[in-house]
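In what follows, a single structure is set out as C-alpha cells and then discussed.
Everything numeric here is computed off the predicted structure, so don't read it as measured data.
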Amino acid sequence: MTPLADASRFCDDEAYPRPQLRRAHWQSLDGPWRFAFDNEKRYAHPRDIDQWPLQIAVPFPIESKRSGIGDRGFHKACWYQRDFDVESDGESRVILHFGAVDYFAKVWVNGQHVATHEGGHTPFHVEITEALNASGPQIVTVYVEDDPQELNKPRGKQDWQLEPHSIWYPRTTGIWQTVWLEKVSRTYLQKIRWTPHVEGFALTLEARVIGDVVDGLSLEVQVGHQGRLLADDRYMVIGGEVDRRIILSDPGIDDFRNEMLWSPDRPTLLDATIRLKRGDVVLDEVRSYTALRSVGVLRDRFMLNGRPYHLKLVLDQGYWPDTLLAAPDDAALRYDVELAKAMGFNGVRKHQKIESPRYLYWADRLGMLVWEEMPSCYRFTRTAIKRLVREWSEAIERDYSHPCIITWVPFNESWGVPELTTVGAHQHAVAALYSLTKTLDPTRPVIGNDGWESSATDIIGIHDYDANVDHIRQRYGPEVTTEQLFDRRRPGGRILTLDGFPHRGQPIVLTEFGGIAFDTRRLAPDAPAQGDTHVWGYSVAGEADEFARRFHELIEAVTYTALFSGYCYTQFADTFQEANGLLTEDRVPKIPLEQIRRAVQMSRTHIQGAA
C-alpha cells in the first residue's frame, strides 16, 4: 500500500495527478482492486455483493490487457472495491479524487454513499472525512454504469460495435485515470487559475478558499524563475475568493522579456508557491506553475506571443495497445511528447480525447502546443447536448491554466450534429458551444466545428485526405482565391462554410490530411499472410520508401501553400486497425525520425528558393 508522501512530492518530476496544484501529502489508490461485473444491474449497494470474483489493476479500463480483465465484450455495469489506510487526526480533511471514470459513477466509503458523477472524461472529488472509520482499514466502493451502445453521450472514438471498425477503437469502461487521496487543512485552497498578460508582463491569479469559515485570511503568492524572484505579494481573502493581477518584476530589457515568454522553442515556466495564512500561521501551502504566453488570431494568421506562428501539428489519438485510453505510466506520456518534438512538430491535436493532466504537464514543460477537442456524441438529442455542455465546461475548467493549450474544439466533422446544413437546432448547438467556450475562456481561439461546415469559428479547419499531391496543390494553390475555395471546393464532398457564415478572413488550417497506411507488421518474419490482418487507412503505401516519399511530398505541398496558417498531419501512431501512423502502435518509427523531422521542419522560404 502506498504511504502518504512527504514534501518531496512537491517536485515536478513526481507524477502528482494534478500538476498545477500540488501538496506535500497525497496517496495513490492505484493498483489491485476487487472487481465484479453487474450486467443485469442486480446490485444497488455494496452490501448486496456477496463475492468479488475478479481482481483489476486500476487505472486501466476493463477492456485492456493491463487491467488483468481484458474483456472487450458488451458490459453495462460493474463494481470496484479496495481497502486503504489513512490517518484521521481530527484536524484535517481527506479528499478522494478520481481522474476519470467512464461513464456514470457512484462512490461509497465504508458503506456510506459520498459521491455521484456523470461524464467519462473529466475529474471529480469528494471530501470523505466524516465517512472514515476512527481506526482500522477503510473501504472504498465504486459502481460504474456505461452502456456500450448508447450514442447520445460523449464517447469519442469508442466503438459501439463488438469489434473495432474503420476509425473507431475498443471501448473504455470504468476507471481509466488515477484514483488518489490528499489530506488538507480544515480551511484550504480548493482551486487556482492562472491567466497570463504578455503585454503588461503580468499574471492574474484567481483562487477559491473553502472549508471552515475563518476571519483574517490572506494569500501569500511568490512567483519566480530559476531562483529569480519575480513577485512576492500578499492579498486579503474576501468572501472565500482572491482575484488579483500580479505585476512581475521587469527590468525592461527586451532580451529578458523574450526569454520569459513560453513557446515550443523556449518553454519557460514560472514556478509559484501559494500559502493560505491566518496571521503568521500557514493553513495551506501549494506549489504551482504558469507561463507568460498569448495566443490568438490576427486577420489570416495564428498568433503566438503577438507574432504570426506557423502551426505544424500531428493528430494524436492517445491510445496504447495494452492500456487503451489510459497511459501505461507517466513515462509513456512524456515519451509521446518527446517523440512528437523529435519528429519536428510544434504541436499535437488530441483527437476525440480529453488527455490526462500529466500529458499536459509534459507538454507545458517540454514545449508542445495542444489543441483540445471534446469527444463527440453520435446522436443529436437534448440529452446529448446537455451532457456535452456539462462535460465540456468541466474540461475547460480543469485545463484552463495550462499554457500548452492554444485552441478549443467542441465539435469535429459535424459528429453529433449530422444535419448541420439544414436543421436550425444543429446550427444553434454549434453556435452555443462556440459562445459558451468563448465565455468560459476568452483568451484562446475556438473552432466551432472542425473539418467542414464551419459557422461560428475563429479558425477554419479543413479535412482533406486526397492522396494525389497535384490535387492538393491545385485545390489550395496560389492561383486559387478564398472566394473560389469556399464557393466551389468540396473536399470530402462537404461544403466548407455554412450559408450565412462566409469566410471573414479567419486563418485557414489544414487540420487533417495524409492518413497514409503503411503496415509494418506484415514485414515481420512471423507475420500472417497478406490479407489476414485487417488494415485501415485513407490510402496505402506498400513499402517504406514509398511511404517516406509520399509523406515528404504531402508535407512539402501544404507547407508551400501560403493559404494555410498551418496543418495537422494524420497521424502520430498506428491505432489498432488504423495503420496510418508515423510510428507503430508501440511507438517505433516506420522511417527514421530524422527523415520525418527534415520534412516537417522545411520552411516556406527554403521551398520557394528551391522552386
Margin query: Applying ring pair (Phe, Tyr, Trp, His ring centres under 6.0 Å), can you list everything that pairs with Trp176, at least two apart in sequence or on another chain?
Written below: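 Trp176 satisfies ring pair (Phe, Tyr, Trp, His ring centres under 6.0 Å) with no other residue.
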Next item on the list: Sequence neighbours left out, what passes ring pair (Phe, Tyr, Trp, His ring centres under 6.0 Å) with His125? Give chain and number order.
Entry: His97
So [Y] and [X], do their side chains get closer than 4.5 Å, heavy atoms only?
| X | Y | value |
| --- | --- | --- |
| Leu217 | Val209 | yes |
| Tyr16 | Arg23 | yes |
| Asp284 | Thr187 | no |

Which residues share a side chain to side chain donor-acceptor pair (under 3.5 Å) with [X], sequence neighbours left out:
| X | value |
| --- | --- |
| Trp33 | none |
| Arg334 | Glu338 |
| Asn39 | His75 |

Is a side-chain N or O of [X] found less than 3.5 angstrom from the main chain of [Y], in a donor-acceptor match?
| X | Y | answer |
| --- | --- | --- |
| Asp586 | Val588 | no |
| Tyr103 | Asp147 | no |
| Ser185 | Leu283 | yes |
| Ser67 | Pro61 | yes |
| Gln20 | Ser401 | yes |

Notebook entry, point to check: Is any side-chain N of the basic residue among Asp280 and Arg275 closer than 4.0 Å to the acidic one's carboxylate O?
Noted result: no
Check: Is Glu206 salt-bridged to Arg244, going by a charged N under 4.0 Å from an acidic O?
Finding: no
Next item on the list: Please lay out, stage by stage, how Glu373 and Arg349 fare under the test salt bridge (charged side-chain N to carboxylate O under 4.0 Å, His left out).
Entry: CA-CA 8 Å; Glu373 178 181 312; Arg349 177 179 167 217; 2.8 Å; yes
Margin query: So if I apply the side chain to side chain donor-acceptor pair (under 3.5 Å) rule between Glu145 and each of Lys106, Lys41, Lys76, which one comes out positive?
Written below: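 Result for side chain to side chain donor-acceptor pair (under 3.5 Å) with Glu145: Lys41.
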For [X], enumerate each residue passing the salt bridge (charged side-chain N to carboxylate O under 4.0 Å, His left out) test, keeping only those at least two apart in sequence or located in another chain.
| X | value |
| --- | --- |
| Glu118 | Arg387, Arg390 |
| Lys386 | none |
| Asp364 | none |

Next item on the list: Answer yes or no for Arg587 and Phe572: cation-pi contact, defined as NZ/CZ to six-membered ring centre under 6.0 Å and angle to ring axis within 45°.
Entry: no
Notebook entry, point to check: Quick one: does NZ or CZ of Lys157 land under 6.0 Å from the six-membered ring centre of Tyr319, within 45 degrees of the ring axis?
Noted result: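 No, Lys157 does not lie over the aromatic ring of Tyr319.
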Next item on the list: Verify whether the ring centers belonging to Trp371 and Trp408 lie closer than 6.0 Å.
Entry: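 No, they do not, as the ring centres are separated by 6.0 Å or more.
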Next item on the list: Taking side chain to side chain contact (heavy atoms under 4.5 Å, CB included) as the test, write out the residues that go with Pro328, two or more places apart.
Entry: Arg66, Trp320, Thr323, Ala332
Notebook entry, point to check: Going through the checks in order, is the salt bridge (charged side-chain N to carboxylate O under 4.0 Å, His left out) test met by Glu372 and Lys353?
Noted result: CA-CA 8 Å; Glu372 184 157 315; Lys353 182 184 182 184; over 6 Å; no
Item checked: Other residues, nucleotides, ligands: >12 heavy atoms within 6.0 Å of Phe104 CZ ->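 More than 12 heavy atoms, drawn from other residues, nucleotides or ligands, come within 6.0 Å of this atom.
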Notebook entry, point to check: salt bridge (Lys or Arg N to Asp or Glu O under 4.0 Å): which pairs involve residues 55-65, sequence neighbours left out?
Noted result: Lys65-Asp322
Notebook entry, point to check: Does any pair with a residue in residues 122-141 pass salt bridge (Lys or Arg N to Asp or Glu O under 4.0 Å), and if so which ones, sequence neighbours excluded?
Noted result: Arg93-Glu127
Check: Which residue pairs pass the ring pair (Phe, Tyr, Trp, His ring centres under 6.0 Å) test when at least one of the two sits in residues 45-65, sequence neighbours left out?
Finding: His45-Trp108
Next item on the list: Show your working on salt bridge (charged side-chain N to carboxylate O under 4.0 Å, His left out) between Lys153 and Asp146 and close with a plain yes or no.
Entry: CA-CA 10 Å; Lys153 63 183 178 185; Asp146 187 19; 2.5 Å; yes
Notebook entry, point to check: Looking only at heavy atoms, what is the nearest atom pair of Leu292 and Val198, with distance?
Noted result: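 Taking every non-hydrogen atom into account, C-CG2, 4.0 Å.
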Checklist line | Nearest heavy atoms of Pro17 and Trp180, plus distance in Å | finding: CB-NE1, 3.5 Å
Notebook entry, point to check: Using a distance-only test with no angle check, is there a side-chain donor-acceptor pair under 3.5 angstrom linking Gln27 and Asp85?
Noted result: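 No - no donor-acceptor pair under 3.5 Å links their side chains.
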Next item on the list: Give a yes-or-no answer on whether the side chains of Thr443 and Asp441 include a donor-acceptor pair shorter than 3.5 Å.
Entry: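 Thr443 vs Asp441: donor-acceptor pair found between side chains.
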Item checked: Spacing of CD belonging to Gln222 relative to CG belonging to Asp233, to within rounding of 0.5 Å -> 9.5 Å
